[in-house]
Amino acid sequence: MTTNKPATELHCPLCGNSKATVISELDSFGFKVRYYLCQTCGFVFQNPGESAAADPAFYEETYRQLYQATEEPTAKDLRQQRLRAEYQLNLIQNHGVCRLWRALDIGASSGTLMQTIHEAYGAEMIGVEPGKAYRQLAEEKGFKVYPSLELLQSGETAKFDLVTMMHVLEHLEDPLGTLGEIRTDLLEDHGFLLVEVPNFYAHDSYELAHLSCFTEHTLTEMLKQAGYKIMHTRKHGYPRSEMLELYLTVLAIPEREPAESLRIIPERNVALKRSLGTLKRKLLTKLMPGKTWLPQEDQA
Ligand SMILES: [Zn+2]
């Protein structure tokens, strides 16, 4: 247990309880980052106030530089985004998303997924992207992109029949609350939600701006708590690895009659499963480096 007093009271983002032990402490971008394991439900999370409390101004600046990059995206970035977008399109096309009129991409980056969906379905696309350089690239593709969810909500009244969130949920202070808001305020009753996050049992996951670490179990529980029904879950490494299930991608729909209070099924042996996952990643990296980590640039 730690002797440092947390800057703000601990609060599990999944179950809301405050009983948690430290599962890991590390340095990330010059900050001491501490992850807690909830003793009630098994969720792994940071107490966001802690890193920021050390030096709020520096934290704000570092965070902004890291996650709202003002630099131009690299060719490598754009290639990864294109491969991801094709993969995600394939997933929704094969799991019941037949028609789309209006879709929203939260964390739209350079607009690659928006463009891919638009070309496949002819849907009107709206995006949310805080990073200025990325947002401009998406706007150049002809899409309307808001810098924040708040501005989107004040600017758009019509709902969406698809909301996508690729590598966004793990950055949010209140992922459960945001998922609930999307269901009640943004998504049509017949709409779909597509979410992708790093898989805590295969991906390193630990990083200053990753406030939550998801497993298939805890992501499922959080979506259920937020009033969704899971249609399809895929654990995969695309486009980074053939061997490691680095990512969790889930397609969900709003529950017709969401339960008032739904018991959270706790996840057990989280620390052990994490250790085994880390060991597997290390072994495969050593034994089969070429399949474990695919090239990030196109081969000549
Ligand atoms: Zn919990």
Side-chain angles (χ1 to χ4, degrees), residues 1-26 28 31-53 106 149 165 167-184 193 195-230 233 235 245-250 252 254-255 258-278:
M1 283 300 288
T2 173
T3 50
N4 291 2
K5 204 167 176 274
T8 54
E9 205 190 322
L10 268 187
H11 169 84
C12 169
L14 175 53
C15 76
N17 286 330
S18 54
K19 225 175 114 193
T21 55
V22 175
I23 184 169
S24 189
E25 277 186 305
L26 60 141
S28 181
F31 288 93
K32 180 76 74 195
V33 172
R34 185 182 293 148
Y35 283 94
Y36 293 93
L37 172 63
C38 175
Q39 294 302 288
T40 307
C41 74
F43 194 66
V44 175
F45 62 97
Q46 279 189 54
N47 184 5
E50 281 184 25
S51 317
I106 300 173
L149 208 50
M165 286 177 105
H167 297 262
V168 168
L169 208 57
E170 67 272 25
H171 295 259
L172 305 179
E173 282 202 23
D174 180 14
L176 177 57
T178 303
L179 287 171
E181 257 173 54
I182 290 169
R183 183 179 59 78
T184 53
L193 173 76
V195 174
E196 185 171 288
V197 294
N199 175 8
F200 185 59
Y201 294 148
H203 190 289
D204 176 46
S205 302
Y206 289 150
E207 185 177 305
L208 180 64
H210 288 176
L211 300 179
S212 298
C213 298
F214 290 93
T215 68
E216 184 183 1
H217 182 108
T218 56
L219 180 59
T220 302
E221 287 302 305
M222 188 173 283
L223 285 164
K224 278 160 60 184
Q225 288 297 315
Y228 293 91
K229 182 177 167 182
I230 312 286
T233 300
K235 288 193 272 185
E245 293 172 330
L246 297 168
Y247 312 114
L248 300 166
T249 312
V250 176
E255 274 289 357
E260 284 280 307
S261 72
L262 201 61
R263 200 181 80 84
I264 296 172
I265 302 165
E267 179 163 28
R268 303 290 177 209
N269 302 316
V270 174
L272 175 66
K273 291 183 214 163
R274 166 74 176 182
S275 301
L276 292 174
T278 306

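These figures come from a predicted structure and were not determined experimentally. Atoms within a ligand are numbered from 1 in the order they appear, just like the ligands themselves.
- Counting only protein atoms, the N, O or S atoms lying less than 2.8 Å from the Zn ion (ligand 1) are Cys12 SG, Cys15 SG, Cys38 SG, Cys41 SG, ordered by chain and residue number.
- Residues meeting the side-chain contact (heavy atoms from CB on, under 4.5 Å) test with Arg183, sequence neighbours left out: Tyr228, Pro254, Pro258.
- Thr215 and Glu267 are linked by a side-chain donor-acceptor pair at a separation below 3.5 angstrom, with hydrogens and angles left out of the test.
- Classified by interplanar angle (parallel below 30°, tilted 30° to 60°, perpendicular above 60°), the ring pair His171/His210 is perpendicular.
- Checked by atom type and distance alone, the side chain of Asn199 pairs as donor or acceptor with a backbone atom of Glu245 at under 3.5 Å.
- A distance below 6.0 Å separates the ring centres of Tyr206 and Phe200.
- With salt bridges taken as basic N to acidic carboxylate O contacts below 4.0 Å, none links Lys229 and Glu255.
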